[in-house]
J.: 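Before we start, here is the structure in question, set down as structure tokens.
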Amino acid sequence: MRHILAENLVATETVREFIAEQEQKSLLRFLTCGSVDDGKSTLIGRLLSDTKQIFEDQLATLERDSRKYGTTGDDVDFALLVDGLEAEREQGITIDVAYRFFATPKRKFIVADTPGHEQYTRNMATGASTADLAIVLVDARQGVLRQTRRHSIIASLLGIRHVVLAVNKIDLVGFDRDVFARIVADYTEFAKDLGFSSIVPIPMSARFGDNVSRRSMQTGWYAGPTLIDHLETVSVDAAAEQPFRFPVQYVNRPNLDFRGFAGTVASGSIGAGDEIVVAKSGKKSRVKRIVAQGGDLERAIEGQAVTIVLEDEVEVSRGNLLVAPEARPHVADQFAANLVWFDEQALLPGRSYIFRTETDQANATVTELKYRVDVNSFAHQAAKSLDLNEVGVCNLSTQAPIAFDTYAENRATGAFILIDRITNATVGAGMILHPLRRASNVHWQALDVDKSARAEMKHQKPAVLWFTGLSGSGKSTIANLLEKRLHASGRHTYILDGDNVRHGLNRDLGFTDEDRVENIRRVAEVARLMVDAGLMVIVSFISPFRAERRMAREMMGEGEFIEVFVDTPFEECAARDPKGLYAKALSGEIKNFTGVDSPYETPENADIRLETTGKSPEEMLDDLERWLHERNIAQRPLADECGSI
Amino acid sequence: MNVPLTHLQRLEAEAIHIFREVAATFSKPVMLYSVGKDSSVLLHLAIKAFYPAKPPFPFLHVDTTWKFREMIEFRDSMAERLGFDLLVHVNEDGVRDGINPFDHGSNTHTHVMKTVGLRQALDKYGFDAAFGGARRDEEKSRAKERIFSFRNAQHVWDPKNQRPEMWKIYNTRISAGESIRVFPLSNWTELDIWQYILREEIPIVPLYFAKKRPVVERDGMLIMRDDDRMKLKPGEVIENRMVRFRTLGCYPLTGAIDSDADDLEGIVNEMLIARTSERQGRLIDRDEAGSMEKKKREGYF
């Protein structure tokens, strides 16, 4: 309440006191959520207005905007204070989360105003991820809706434990006590398994201010607090202090004499001289100094961004955790997690994504989607993929072990996001439930005879020649001829053919996107084993998706993966139609056929591109062989020795 | 049990965390230094984040050639004192075409000298991340922006399609040519900035403090005549008035306020009784509705 306080300001001393007082105020971060048109933005506008955060020039702009876009007749439309994007004002909806700041004499607040539309759920989740309390709005005329439930579930998954159930527009139902009671009963019943430690229902009218900061004259039957009263006093502190966790963010090494680990204390505290453990290696050391500009610190606590110097020269890099020796985090490469999906492209188990924690990063796949959660009934539904805005529980596997806690124990070290490898979009957010024990029990067996030893015996360089292209493009024909030539020149080879593998190893897979991803993953794994055995592997698969071809490339060693794009136009393939499949697909008899009703993503950086139109297979083979020869993959000297060419 | 961090300590830690995250994940970051109070705080935090090393990136000032002279003096003295790597970029095309706020209006001037100038500088050096001092409490469209704000290869911001930003996990991945604007002060308010300047004794440009200055009343604003490129219109007179500035930009576009506040306490006091927002002194925000969002989409900070 800046005006009221300001009137008391007379001298410099008072300003100093005022500032000291400000420093002591606690901070509450909360969000407003709920369905479209429940009045979220209006409520925030009301909060800002009642706490005198709106300046005269902003009020003037608001009055002008209200006339232009407003939906409240002659009154000021408070929603326009927070709906800051042009598209939002034109459409009268909230698209993205807005952060607003206000303070009362007791507390400071950061509020995230989140969108109600289902398509913008990811923006609601963004707002919820840093909040301690959620105000769930319900339109008194509508009651609890699908979005009310979805937002409550997401808030609960993200670890929010305190809810205000704001039954808004109570004026429009004549301040009816029974309507309020019914909605409260509905919501309480629905939310009983969501793990909220407090649900405080308040009847209010955001538009007219009833029970926001001013107790309503119309709801004499309501004895609870006003919204502001509650926000000022609710305690959201964590129950107990968590053990020390310090995700290493940046290694600060200005010269040879200084090596500091910079990061933010995620939980607990640390003092100079304390013993720590490096989570991933288990190596122990002690804190020598906690460095800060203006002098070393004795201690650092949760939330502080510091630089730690250790006694010993232990190996620590970004992504590792420094932790309390007596309470260590999990270190594993497989774990179960709750996942919220944000992308128009569905989550596909088996596809490789970039897994990112606060400071660590690894390639990861969802190995198993256990179930999807129905946001209306909480029912667990079997699912093969997660679509935009869906929530599910899955198992993940990362390429390298990561150090983590469960999300229930620690929000900072138990959370992650998934990033699409090609678009770099943030496609999902996850909360770790528990590690999976199988990974830690199955260790890599180190073998004495390795890939290079096996390859040397065969006088060849192992590699995968990965043929991709539409059905009927000529992949198998060329692959077959190539193998014959390589074989004739004394190479040890093997062909993995799409159709053949589907008769055996992959007989359980169909042609949906999910199954296509798994199809390629298995073949890539088999090819990798064969390369390890020292073979030259020819893979002939449609392999329509860029992401999986890239995943296969990354599984192999440097220079071992050669992508061969057999480039035959769709019309040509359909005209050839050697198996009669195009005719069936075009008539709708076969579903999910690549190029017809399932996409083929053309390679952008194939190592070799074979344009088949107007060329004989032999000419293409010559091109291929020349290419391999130039890269020392299939050298001619061996062929000369054998005298077969 | 430890005493939890205060609000200001949390804001400080958050900003330091963001600085380090960029240094750890981008190959060529830069900090936009615009000489104002927010830039002063940002600079102070950058130094803290990497102590005892120096910030591992240069500082860029896009000079429109219409900044207050005191700003330029302050900038150069800070660079010298702290020994940081200062790059100054001027849009020479704009200078050649004689673009200025009087003849071309604030809109064209800001677009050519600031927005285009910034894009030129980012392209010239190939920066992949740029820190700015923008705060969410300044303006409605800024309140919507992420801390790590993605820009495509044309430096365009797509407000309808921002990446979700969960917890403190920032998606720092970009393709060649794309970049990220990073705002470590996103969650600070104007009061937080002043409190922090007071607490940390951060040097700021003297223009923020009240002093007798030569001003002209024009379009309802008090414009300080900083040099004789500003011609007086008929009826305009220069007055020496006790004034100060709440924000700093190009002098012909920045309104002064009458004030006696000649120290930090005075400024905070004045701010507490203020009835208008700080951006009110900025002519560029008033050009048209949604004008900040439009400028931001085009690449303005």
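All chains are named by letter (A, B, ...) in the order of the sequence lines, taking the proteins before the strands, and each is independently numbered beginning at 1.
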J.: Can you tell which of B:Glu178, B:Arg163, B:Gln9 has the highest number of heavy-atom pairs within less than 4.5 Å of chain A?
T.: B:Arg163
J.: Answer with side chain, backbone, both or neither: which region of A:Ala425 has an atom nearer than 4.5 Å to a non-hydrogen atom of chain B?
T.: backbone
J.: For A:Arg122, is it the side chain, the backbone, both, or neither that has a heavy atom closer than 4.5 Å to a heavy atom of chain B?
T.: both
J.: Between B:Leu264 and chain A, with a heavy-atom cut-off of 4.5 Å, which part of the residue counts as in contact: side chain, backbone, both or neither?
T.: neither
J.: Non-hydrogen atoms of chain A under 4.5 Å away: do they reach the side chain of B:Asp192, the backbone, both or neither?
T.: side chain
J.: For the residue pair A:Phe109 and A:Phe102, categorise the inter-ring angle as parallel (less than 30°), tilted (30 to 60°) or perpendicular (more than 60°).
T.: parallel
J.: For A:Arg107, which atoms come within 4.5 Å of any heavy atom of chain B: side chain, backbone, both, or neither?
T.: neither
J.: Does the ring center of A:Tyr407 lie less than 6.0 Å from the ring center of B:Trp167?
T.: yes
J.: What residue in B:Thr6, B:Ile16, B:Asn171 has the most heavy-atom pairs under 4.5 Å with chain A?
T.: B:Asn171
J.: Is any side-chain N of the basic residue among A:Asp96 and B:Lys144 closer than 4.0 Å to the acidic one's carboxylate O?
T.: no
J.: Among pairs that include at least one residue of residues 165-174 of chain B, which meet salt bridge (Lys or Arg N to Asp or Glu O under 4.0 Å), considering only residues two or more places apart or in two chains?
T.: A:Glu358-B:Lys168
J.: What part of A:Val251 gets closer than 4.5 Å to chain B, counting heavy atoms only: side chain, backbone, both or neither?
T.: neither
J.: Which bit of A:Val97 comes within less than 4.5 Å of chain B, counting heavy atoms only: side chain, backbone, both or neither?
T.: both
J.: Which region of A:Thr357, side chain (C-beta onward) or backbone (N, CA, C, O), has a non-hydrogen atom less than 4.5 Å from a non-hydrogen atom of chain B, or is it both or neither?
T.: backbone
J.: Tell me, side chain or backbone of A:Tyr99 under 4.5 Å from chain B's heavy atoms, or both, or neither?
T.: both
J.: Using a 4.5 angstrom heavy-atom cutoff, name the option from A:Ala305, A:Ala125, A:Gly263 with the most pairs to chain B.
T.: A:Ala305
J.: Which answer fits B:Thr25, side chain, backbone, both or neither, if we ask what part of it has an atom under 4.5 Å from a heavy atom of chain A?
T.: side chain
J.: Short question: side chain of B:Asn152, backbone of B:Val156 - any donor-acceptor pair under 3.5 Å?
T.: yes
J.: What residue among B:Arg146, B:Arg151, B:Arg181 forms side-chain contact (heavy atoms from CB on, under 4.5 Å) with B:Trp157?
T.: B:Arg151
J.: Using a cut-off of under 4.5 Å for heavy-atom pairs, which of A:Tyr120, A:Tyr250, A:Phe258 has the most such pairs with chain B?
T.: A:Tyr250
J.: Going through the distances and angles, do B:Asp128 and B:Ser27 end up as a side-chain hydrogen bond (donor to acceptor under 3.5 Å, both in side chains)?
T.: CA-CA 7 Å; B:Asp128 55 0; B:Ser27 52; 2.9 Å; yes
J.: Does B:Phe57 have its ring centroid less than 6.0 Å away from the ring centroid of B:Phe131?
T.: yes
J.: As an exercise, state the distance from CD1 of A:Ile354 to CG of A:Asn424, rounded to the nearest 0.5 Å.
T.: 6.5 Å
J.: Can B:Trp188 and B:Phe183 be said to form a ring pair (Phe, Tyr, Trp, His ring centres under 6.0 Å), step by step?
T.: CA-CA 10 Å; B:Trp188 295 54; B:Phe183 303 107; over 10 Å; no
J.: Please determine if B:Asp38 and B:Arg135 form a salt bridge, counting it only when a charged side-chain N lies under 4.0 Å from a carboxylate O.
T.: yes
J.: Checking A:Ala292 against chain B: side chain, backbone, both or neither under 4.5 Å from a heavy atom?
T.: backbone
J.: Given the options A:Gly127, A:Pro254, A:Ala112, A:Gly260, which has more heavy-atom pairs under 4.5 Å with chain B than any of the others?
T.: A:Pro254
J.: Considering only heavy atoms, which portion of B:Ser175 lies under 4.5 Å from any heavy atom of chain A: side chain, backbone, both, or neither?
T.: both
J.: Only pairs of heavy atoms separated by less than 4.5 Å count here; which of A:Thr130, A:Leu27, A:Val265, A:Ile417 has the most with chain B?
T.: A:Ile417
J.: Determine the option with the most heavy-atom pairs under 4.5 angstrom with chain A, choosing from B:Arg20, B:His7, B:Glu14.
T.: B:Arg20
J.: Under 4.5 Å, counting heavy-atom pairs only, tell me which of A:Thr359, A:Asn255, A:Ile110, A:Leu158 racks up the most with chain B.
T.: A:Leu158
J.: Checking heavy atoms, do the side chain of B:Arg10, its backbone, both or neither come under 4.5 Å from chain A?
T.: side chain
J.: Extract all donor-acceptor atom pairs below 3.5 Å that involve side chains of residues 195-203 of chain B and protein atoms in other chains or at least two apart in sequence.
T.:
| from | atom 1 | to | atom 2 | distance (Å) |
| --- | --- | --- | --- | --- |
| B:Tyr196 | OH | B:Glu12 | OE2 | 2.6 |
| B:Glu200 | OE1 | B:His44 | NE2 | 2.9 |
| B:Glu200 | OE1 | B:Lys48 | NZ | 2.9 |

J.: Under a 4.0 Å N-O cut-off, is there an ion pair linking A:Arg318 with B:Glu21?
T.: yes
